[in-house]
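First the proteins, then the strands, lettered A, B, ... as listed; each starts at 1.
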Amino acid sequence: MASLAERRLTIVQNEVESMSEARPEELRLLEALLFASAEPLDETVLAARLPADTDVGDALNRLQAEYAPRGVNLVRVAGKWSFRTASDLSWLLTKDSVVTRKLSRAAIETLAIVAYHQPVTRVEIEEVRGVVASKGTLDVLLETGWVRPRGRRKTPGRPVTYGTTEAFLSHFGLERLDDLPGLDELKGSGLLDGRLPAGFAVPVPSDDPALRDDEDPLEPGDLDFGLAPPPSRVEE
Amino acid sequence: MASLAERRLTIVQNEVESMSEARPEELRLLEALLFASAEPLDETVLAARLPADTDVGDALNRLQAEYAPRGVNLVRVAGKWSFRTASDLSWLLTKDSVVTRKLSRAAIETLAIVAYHQPVTRVEIEEVRGVVASKGTLDVLLETGWVRPRGRRKTPGRPVTYGTTEAFLSHFGLERLDDLPGLDELKGSGLLDGRLPAGFAVPVPSDDPALRDDEDPLEPGDLDFGLAPPPSRVEE
Amino acid sequence: MTPGDLPFEMDVAERAADEPALVVDVEGFEGPLDLLLVLARQQKVDLAKISILALANQYLVFIEEARKLRLELAADYLVMAAWLAYLKSRLLLPETSGPDGMSAEDMATALANRLRRLEAFRHVAEQLLVRPQLGRDIFARGQPEPIAEIKHPQYSATLYDLLSAYAVQRQKSVLGHVRFAKRTVWSLAEARIALERLLGQAADWSRLDQFLLAYMVEPALVPTVVASSFAASLEMVREGVAELHQHAAFAPIYMRRRMVVREVTSDSGATPSPRAT
């Protein structure tokens with residue numbers, strides 16, 4: 001009796017063990033999907049391709065851990081997953097780099113203001129920089145696909161508000177906007193609350209596509225200036 | 001017993017650990033280079049990027065072996081190396097999508113004749129339509145799943161007879177085939193005008209699956225004529 | 001509203017026409033705030049503790065120098081200079097409240113805050129840019145493999161489409177059959193042409209139904225061929241062109257060219273055999 005029970009227990013344990021030894025198939029599937037895709041994929045998309053009972057989150061974490069020491073890492077950007085070359089190997093690969101557009105100082109500053117202060121209007125950007133923005137600067141940023149018009153501020157003149165895109169997060173390897181470097185410091189400094197009266201909460205930048213209370217949606221014509229990337233790229 | 005399991009687990013863990021510890025840096029470099037490259041790379045190109053003393057051939061073989069059980073394999077094509085989705089997972093990189101199409105006029109005319117005059121042969125359809133049916137038209141109808149070959153007419157040439165399916169009834173919201181309007185109803189609805197010759201009749205259609213006296217059953221090969229391609233093979 | 005806003009709002013309208021001129025008016029400074037920041041750094045103290053008075057002085061001196069060297073300064077810089085001169089005078093005077101209710105200290109603090117804010121954004125911009133960037137430092141898959149889309153067509157049609165297609169076709173085919181019936185009629189003219197051909201090639205009595213066989217392959221044509229050729233042959237006899245002969249009722253009908261006519265039409269009926277008869 002006892003020996004039978006023992007034997008059965010052994011069998012069960014062996015099974016469990018061999019299962020943990022073998023690399024689960026879902027890791028192969030995830031690997032294949034993520035390697036093949038040019039764009040980061042979110043968990044919903046991945047889950048749709050995997051067997052119904054797969055714990056996608058868990059599998060992704062395992063895969064991420066597996067690839068962490070490798071030359072290709074699994075990273076999470078803009079809430080989506082993507083394989084990218086390890087960041088310490090940039091020296092090896094810079095020869096491959098397509099000529100990246102060198103942004104002007106004005107564009108870089110403007111990008112930072114949009115990123116850390118979004119949603120933000122052009123006048124607000126100008127106010128921070130103390131210069132009338134040349135029209136070209138915002139155009140360049142819209143062209144990169146990192147900045148998009150979000151809506152219109154509910155103030156006289158209904159100026160367009162700008163924010164960053166998923167492509168921005170993806171380009172700078174950020175999982176969320178909260179991961180912007182130096183954001184906490186900037187928030188803590190109280191310098192972001194520019195025009196707001198003292199006592200108001202410090203605004204936190206947000207690229208939440210949901211419009212804020214003081215924003216109206218863009219009208220159909222607003223995107224037809226040739227300035228903005230097509231909406232499909234914005235939403236991504 | 002438990003100790004055995006424990007020991008084996010420890011061994012596995014040690015192996016995994018020692019593997020990742022001992023994994024030579026050149027494998028990381030190769031991984032990154034091959035991953036990022038827009039085209040397959042040959043050993044000369046790879047060697048030029050790697051530390052001078054690297055045995056590239058050996059490293060590639062190790063990398064290939066490492067990736068062999070994975071969802072992505074390192075393959076050599078025409079002397080050049082690149083990562084490729086494991087061939088057994090190609091199904092994963094396909095997406096099924098449903099495209100709604102409107103039936104062509106010819107197809108719907110043919111379908112109507114099949115519906116009313118079934119079982120009907122192709123020549124009989126052509127007689128009613130007064131047009132030689134393009135082969136594609138019947139193919140499309142077979143593809144819709146609304147028309148099926150029923151049998152073969154017991155006449156010279158033994159032509160295939162066609163009839164409608166249950167899918168046909170359900171698509172057109174018919175409970176039974178004889179819910180199709182008859183002559184009087186067609187006249188009443190104005191679809192047929194009054195100036196019809198005496199003796200003009202609309203058959204009372206029947207999709208009774210039982211073969212008629214003048215029908216022979218289909219032979220096994222009858223469906224493999226390429227008339228009814230399996231849906232998965234149907235291109236655009 | 002910060003006092004510093006004034007000049008820039010004024011500028012917006014003015015500058016719209018020729019913006020590029022703005023960018024590098026004073027040796028690469030990006031506007032008066034940028035210039036102020038650079039000057040402030042020269043004081044080597046925290047911006048929060050900076051002497052706005054000293055900074056205003058520096059700025060005004062700088063502008064004065066620049067004016068001596070150059071003919072023109074961008075309006076931004078001049079407006080800022082005017083505002084700083086005003087601020088300086090306020091700071092030097094005993095405490096009074098300005099027209100907008102702000103003390104000179106408030107104005108100075110607001111300016112210092114604007115400088116700090118610009119500096120802070122520049123600082124985070126630097127931090128952002130040193131991050132590994134996609135396509136510069138880190139790379140996505142160089143040869144992404146496309147997802148093949150397998151399209152499953154789903155057809156749609158309405159019952160109305162179906163019924164009207166049926167009705168239209170049946171109606172059309174009814175008319176079509178009538179036209180077909182017309183074509184099955186062998187006209188008298190057709191019969192006559194055929195019979196004339198018969199008379200042309202056969203010198204002696206020819207059996208009519210045998211000759212007509214060639215025209216009666218289509219079963220539907222039999223009655224009309226028989227009827228039309230019979231009528232045509234009678235007509236030809238009446239004209240004196242042909243002769244008919246029949247032994248008995250329902251017996252085969254024979255036909256031949258009438259001899260008298262032969263001379264009249266001799267050059268056309270060029271067969272030698274009738275002469276021999």
Under 4.5 Å heavy-atom distance to chain C, tell me which part of B:Ile113 shows up: side chain, backbone, both or neither. both
Quick one, C:Asp34 with C:Arg122, criterion salt bridge (Lys or Arg N to Asp or Glu O under 4.0 Å). Give me CA distance, side-chain angles, the key distance, then yes/no. CA-CA 11 Å; C:Asp34 185 34; C:Arg122 286 185 175 174; 2.7 Å; yes
Checking heavy atoms, do the side chain of C:Ala140, its backbone, both or neither come under 4.5 Å from chain B? backbone
Do B:Trp81 and B:Glu43 have side-chain atoms, one donor and one acceptor, less than 3.5 Å apart? yes
Side chain, backbone, both or neither: which part of B:Phe200 has an atom under 4.5 Å from a heavy atom of chain C? side chain
Ranked by heavy-atom pairs below 4.5 Å to chain B, first place among C:Ser164, C:Ala165, C:Ala157 goes to C:Ala157
Nearest heavy atoms of B:Leu192 and C:Ala167, plus distance in Å: CD2-O, 3.5 Å
Which atoms of B:Arg105 are under 4.5 Å from chain C, going by heavy atoms: the side chain, the backbone, both sets, or neither? side chain
Honestly, the part of B:Ala167 sitting under 4.5 Å from a heavy atom of chain C is neither
Residue among B:Thr110, B:Thr85, B:Leu111, B:Leu34 with most heavy-atom pairs under 4.5 Å to chain C: B:Thr85
Would you call the rings of C:His247 and C:His245 parallel, tilted or perpendicular if under 30° counts as parallel and over 60° as perpendicular? perpendicular
Is it the case that more than 12 heavy atoms not belonging to C:Phe230 sit under 6.0 Å from its CZ atom? no
Would you kindly say whether B:Thr54 and B:Glu26 are connected by a side-chain donor-acceptor distance under 3.5 Å? no
